[in-house]
J.: 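One structure coming up, written as structure tokens, with questions to follow.
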Amino acid sequence: MRVNGKHHRTVWWENNTLKLIEQNHLPFRFTVYNCEDYRQSCKAIDTMIVRGAGAIGATAAFAMAQAIIENDDDAFILKAKLAIEATRPTAQNLFYATNRVYQAAIDANNRKEAALLCAQAIADEDVRACQTIGELGNLKIIDGMNILTHCNAGWLAFVDYGSALAPIYSAHHSGKKIHVWVDETRPRGQGARLTAWELANEGIPHTIIPDNAGAYYASLGKIDMIIVGADRIAANGDVANKIGTFEKAIVAKTFGIPFYVAAPSSTIDLNCMSGKEIPIEQRSADEVRYQQGLNKKGLLETVLVCNSNSAAENPAFDITPYSYITDIITEKGMFKPAY
Ligand code: MRU
């Protein structure tokens, strides 16, 4: 993806350092965060400097490589693996990546070299998979469509291209005129901040709407398709994605709007029989109580936006049952969720 005319990946390895686009600063500032060791990489996942299924997966892969380069003893590697896996529990790509790099290193004579090669392969595969998802998903997009997406499953959520936004980019580049409704304005505002920033960079017409406006626009006939990403897909086709996704799916079913989930096959967890087995991350209630933004002087500020002594809860994901999903778009093809 290009930012100010320069091509960027979200996660990349350079001069023995893991480099990440600092997503907590967007859309206000574009900065790069350096992770010198696996502990810093864990912190970056934990504090959401990097977030999104594929971007977390690639970061976890390089974090494993960093740990193995630091010390390739069995006990050290296992301890680091557990620390990386403890950062965020829902995103399947994280576990896919740690297991794959771990296995590649354990099976190799030169563990350090094998770990880094494997991490790089995971990042490159993520790019190729998302590119293919874009081409396949574009087949479902008709010129003139209004498309709603929830949260950010764009290139920032992956190494490049994105999942839910990849078909939108592909449609735009193939000359189709589309308009995107953008939500997830709360609690973290990943739609309003990240998706809107990505679409603006690409010159794609879009409008930010409050999270609870989807049913209203659907009732007016102003949504032709909903497309979202996924953090984990269970074997029966149930999908974990950003909190609020299930509500969009209910709206889609009510109004007969196709509801697509776009995700690389690395997001599918065949060990989870249904969505009931997917762990849902509970994040700090402060993300509900406070909001961050630019003040009039252009400085980042965090302010309280609710009654200070009320209880608050912050589940980060919900489960959309497979029966609400039209198709799951992967790099291997489009599937009915039950298949
Ligand atoms: O708030 P986040 O960034 O942790 O939300 C998670 C996600 O990135 C979304 O659920 C996204 O739609 C799927 S990941 C491509």
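Since the structure is predicted, the reported quantities are computational estimates derived from the model, not experimental observations. Counting starts at 1 for both ligands and their atoms, following the listed order.
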J.: I want to confirm something. Looking only at heavy atoms, which of Arg88, Arg51, Gln190, Arg188 is nearest to atom 4 (O) of ligand 1?
T.: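 Among Arg88, Arg51, Gln190, Arg188, the closest heavy atom to atom 4 (O) of ligand 1 comes from Arg88.
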
J.: Please work out, at 4.0 Å between heavy atoms, whether the side chain, the backbone, both, or neither of Ala53 comes within that distance of ligand 1.
T.: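 It is both backbone and side chain that touch ligand 1.
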
J.: I'd like to know if Asp46 and Arg39 make a salt bridge, using a cut-off of under 4.0 Å between side-chain N and carboxylate O.
T.: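 Arg39 and Asp46: not salt-bridged.
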
J.: Once you restrict to heavy atoms under 4.0 Å, what part of Thr245 touches ligand 1? Side chain, backbone, both or neither.
T.: neither

J.: Name the closest protein heavy atom to atom 10 (O) of ligand 1, giving the residue it belongs to and the distance to 0.1 Å.
T.: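 Scanning the protein heavy atoms, the shortest distance from atom 10 (O) of ligand 1 goes to Asp231 OD2, 2.5 Å.
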
J.: Relative to Tyr102, does Lys81 satisfy both conditions: NZ or CZ under 6.0 angstrom from the six-membered ring centre, and within 45 degrees of the ring's axis?
T.: yes

J.: Whether Asp124 and Arg9 form a salt bridge (side-chain N of Lys/Arg under 4.0 Å from carboxylate O of Asp/Glu) is what I want to check.
T.: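 Yes.
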
J.: At less than 4.0 angstrom from any non-hydrogen atom of Gly52, what atoms of ligand 1 do you find?
T.: 8 (O), 14 (S)

J.: Does ligand 1 have an atom that lies less than 4.0 angstrom from a heavy atom of Asn152?
T.: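 Contact check Asn152 vs ligand 1: positive.
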
J.: At a 4.0 Å threshold, what atoms of ligand 1 neighbour a non-hydrogen atom of Met48?
T.: 1 (O), 2 (P), 3 (O), 4 (O)

J.: Between Glu281 and Arg88, is there a salt bridge with N-O shorter than 4.0 Å?
T.: yes

J.: May I ask you to identify the nearest protein heavy atom to atom 15 (C) of ligand 1, giving residue, atom name and distance to one decimal place in Å?
T.: Phe158 CE1, 3.3 Å

J.: I need the atoms of ligand 1 closer than 4.0 Å to a non-hydrogen atom of Ala157, numbered in the order shown.
T.: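 In order of numbering, the contacting atoms are 15 (C).
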
J.: Give the atoms of ligand 1, by number and element, whose distance to some non-hydrogen atom of Lys242 is under 4.0 Å.
T.: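 Those atoms are 1 (O), 2 (P), 5 (O), 9 (C), 10 (O).
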
J.: Testing Tyr260, Phe259, Phe246 for ring pair (Phe, Tyr, Trp, His ring centres under 6.0 Å) with Tyr324, which one passes?
T.: Phe246

J.: Test your reading of the model: is there a side-chain donor-acceptor pair from Asp238 to the backbone of Tyr322, 3.5 Å cut-off?
T.: yes

J.: Hey, is Asp327 close enough to Lys140 for a salt bridge, meaning N to O under 4.0 Å?
T.: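 Lys140 and Asp327: salt-bridged.
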
J.: Pick out which of Gln282, Arg289, Glu287 makes a side-chain hydrogen bond (donor to acceptor under 3.5 Å, both in side chains) with Asn314.
T.: Glu287

J.: Tell me: protein heavy atom nearest atom 11 (C) of ligand 1, and distance?
T.: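 Scanning the protein heavy atoms, the shortest distance from atom 11 (C) of ligand 1 goes to Asn241 OD1, 3.3 Å.
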
